[in-house]
Chemist: 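Here's a structure for you.
Numbers restart at 1 for each chain; the letters A, B, ... are given by sequence-line order, proteins then strands.
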Number of protein chains: 2
Amino acid sequence: MTRDSNTALEIAPASPGDTKERLLDAAERRFAELGFQGTSMRAVTQLADTAVSAANYHFGSKEELLRAVIRRRVQPINEKRIKRLDEVEAAASTPDVEAVVDVFLRPLFEARAERLASAGGEFFRQIAARLYADPQQLVLSMRKELFSEVNERFLAALLRALPEAAPEAVGVGMQLMVGMMVHAISGQHGESEIDDLPGTDYEPRLARMIAFASAGIRAAAAVPEQGGAR
Amino acid sequence: MTRDSNTALEIAPASPGDTKERLLDAAERRFAELGFQGTSMRAVTQLADTAVSAANYHFGSKEELLRAVIRRRVQPINEKRIKRLDEVEAAASTPDVEAVVDVFLRPLFEARAERLASAGGEFFRQIAARLYADPQQLVLSMRKELFSEVNERFLAALLRALPEAAPEAVGVGMQLMVGMMVHAISGQHGESEIDDLPGTDYEPRLARMIAFASAGIRAAAAVPEQGGAR
DNA sequence: GTCTATATGTTGATAGAC
DNA sequence: GTCTATCAACATATAGAC
């Protein structure tokens with residue numbers, strides 16, 4: 001495989017100037033498939049049809065390349081979440097749990113459908129799953145940087161939606177919703193047939209996820225403080 | 001750091017014959033902290049106070065070492081799950097959703113409490129999270145090998161508990177429960193204060209998780225087939 | 001069973017030409 | 001901005017002594 005052969009393996013035909021974008025696409029794909037540590041800079045730059053030094057010119061290091069890959073996808077999703085949550089909170093001082101959960105989950109599906117439509121990439125969801133499974137400092141700091149504000153806003157909204165519930169219980173419910181979401185979008189679990197996510201026709205699946213998470217949060221909040229199941 | 005210095009970094013004082021166990025403990029810890037690809041055999045064998053060749057003597061390769069680490073923890077948990085599910089199904093032909101979910105989740109907490117009590121290790125849960133975030137063939141085949149039977153048994157039990165529901169909906173509910181579980185046990189998400197799991201006094205948290213998952217599964221199953229939220 | 005020593009390949013990053 | 005060439009460090013795995 002030489003760098004000149006423009007085969008299906010490459011992200012897009014190389015045209016001058018967009019090397020940086022091609023590197024982001026290639027890194028997104030390889031980080032998703034092989035993981036951050038499992039991906040060499042060579043694996044990325046070969047897919048992007050360029051040289052290792054070009055990647056280091058644009059991003060400085062492998063770690064910074066990862067940050068750029070993740071930021072590119074997460075930021076628009078979070079902006080959409082915040083904007084819609086503003087609207088929900090403006091409409092009602094005591095929002096519905098379902099409305100808050102909808103606003104939290106829907107932008108993920110919308111972003112994925114957009115990317116599928118533009119042949120962009122099916123890969124980011126896999127990176128997101130890894131992001132939540134890695135306790136290393138690099139990844140931990142990215143999670144904090146990317147999700148602190150959103151998590152605080154949505155937790156506050158859920159607390160307002162469930163004013164009678166113990167705050168700790170709502171926090172647990174929110175955490176469990178995030179887990180449900182991460183696992184569901186990472187897909188391809190291979191243990192059953194319904195694991196994989198629908199692409200553009202996501203509404204039925206999303207409806208089930210909203211129902212699951214909303215009912216789950218309400219139920220977790222309703223467990224009595226000292227109640228054991230034993 | 002010489003191999004003779006018996007510092008706190010090592011897993012246990014080296015006594016002859018238990019090199020294999022020390023290697024499993026050390027690998028469990030390092031794979032949890034650094035990931036499989038991020039961990040070198042040297043990092044494992046230094047922690048276990050032995051040589052790389054000893055690890056390859058006992059396990060053959062790094063991949064087989066990973067398999068051994070994971071099997072050691074997962075097998076007892078799954079055996080407990082199956083045994084208790086047998087009992088639940090023997091007691092009632094239409095089991096409770098709550099009873100099935102309890103039997104699925106509780107063995108995880110019991111195993112963790114046992115390990116904490118024996119200072120065994122706080123590390124496996126992190127490996128489990130990585131196990132679910134990795135789409136590579138090695139990991140995929142391990143998931144299939146380890147969880148196929150359990151997943152099939154519990155999905156069948158849930159279908160029996162919800163005879164009116166669409167099977168696809170129950171499958172989605174089961175998948176979302178697994179996601180909730182994986183994320184919750186991996187802990188240390190760092191975005192909020194309630195992320196970390198309680199150790200031995202796990203009953204209150206477990207009760208909330210059972211309530212969340214059971215209500216979630218029921219709600220997901222109750223969403224009408226063509227119903228959208230839009 | 002466990003060691004030391006080593007073979008062979010790959011890694012991330014940079015120097016310097018154009 | 002992008003390349004080729006190169007570096008030192010590190011990887012997995014094995015050979016062979018004890």
Side-chain angles (χ1 to χ4, degrees), chain A residues 1-6 10-31 33-70 134 136-139 142, chain B residues 1-6 10-27 29-31 33-69 136-139:
Chain A
M1 180 69 65
T2 74
R3 286 194 43 250
D4 307 275
S5 72
N6 220 332
E10 281 146 29
I11 283 283
S15 74
D18 57 6
T19 299
K20 195 169 175 178
E21 280 298 308
R22 289 206 324 281
L23 280 166
L24 285 171
D25 291 340
E28 177 170 282
R29 177 164 186 165
R30 289 296 183 241
F31 288 160
E33 291 167 346
L34 310 171
F36 176 67
Q37 326 232 38
T39 302
S40 66
M41 291 296 276
R42 278 164 181 78
V44 172
T45 53
Q46 273 168 30
L47 183 63
D49 197 27
T50 184
V52 177
S53 47
N56 278 314
Y57 170 81
H58 284 292
F59 300 100
S61 71
K62 192 184 172 187
E63 291 199 355
E64 283 306 315
L65 175 57
L66 175 66
R67 299 186 106 94
V69 164
I70 293 178
D134 199 323
Q136 289 209 259
Q137 206 47 60
L138 165 67
V139 174
M142 295 197 58
Chain B
M1 178 70 65
T2 75
R3 289 196 40 250
D4 307 276
S5 73
N6 218 331
E10 283 147 28
I11 282 283
S15 73
D18 58 5
T19 299
K20 194 168 174 178
E21 279 298 306
R22 289 205 324 282
L23 279 166
L24 285 171
D25 290 340
R29 177 164 186 164
R30 288 295 182 243
F31 288 161
E33 291 166 347
L34 310 171
F36 177 67
Q37 327 233 37
T39 302
S40 68
M41 290 297 274
R42 276 167 180 74
V44 172
T45 53
Q46 273 168 30
L47 183 63
D49 196 27
T50 184
V52 177
S53 47
N56 278 314
Y57 170 80
H58 284 292
F59 300 100
S61 72
K62 190 184 173 188
E63 292 199 355
E64 283 306 315
L65 175 57
L66 176 66
R67 297 187 108 94
V69 164
Q136 289 210 256
Q137 206 48 59
L138 165 67
V139 174

Chemist: What's the separation between atom NE2 in B:H58 and atom CG in B:L65, rounded to the nearest 0.5 Å?
Modeler: 11.0 Å
Chemist: How close or far is atom C1' of C:dT14 from atom CZ of A:F59, stated in whole angstroms?
Modeler: 18 Å
Chemist: Do B:F59 and B:R67 have side-chain heavy atoms sitting under 4.5 Å apart?
Modeler: no
Chemist: If you define the side chain from C-beta out and look only at heavy atoms, does anything of B:V69 sit under 4.5 Å from B:D25?
Modeler: no
Chemist: Just compare D:dA13, D:dT2, C:dC3 and give me whichever is closest to any side-chain atom of B:T50.
Modeler: C:dC3
Chemist: D:dG1, OP1 or OP2 - any side-chain N/O from A:Y57 closer than 4.0 Å?
Modeler: yes
Chemist: Starting from C1' on C:dT11, measure out to CG on A:L34 and report it in whole angstrom.
Modeler: 15 Å
Chemist: Rounded to the Å, how far apart are B:K62 NZ and D:dC10 P?
Modeler: 15 Å
Chemist: Using a 4.0 Å heavy-atom cut-off across all strands, classify B:S53 as base, sugar-phosphate, or nothing.
Modeler: base
Chemist: In this structure, how many angstroms lie between the P atom of D:dA5 and the CG atom of A:N56, rounded?
Modeler: 18 Å
Chemist: Quick one: pull up CE in B:M41 and CG in B:N56 and give me the separation to the nearest 0.5 Å.
Modeler: 4.5 Å
Chemist: Please report, rounded to the nearest Å, how far the C1' atom of C:dT11 is from the CZ atom of A:R30.
Modeler: 17 Å
Chemist: Side chain of B:H58, heavy atoms from C-beta onward: which of C:dT2, D:dT6, D:dC3 has the nearest atom to it?
Modeler: C:dT2
Chemist: To the nearest Å, how far apart are B:M41 CE and C:dT11 P?
Modeler: 19 Å
Chemist: Between C1' on C:dG12 and CD on A:E64, what's the gap in Å once rounded to a whole number?
Modeler: 14 Å
Chemist: Could you check how far CG of B:L23 sits from P of C:dG1, rounded to whole Å?
Modeler: 13 Å
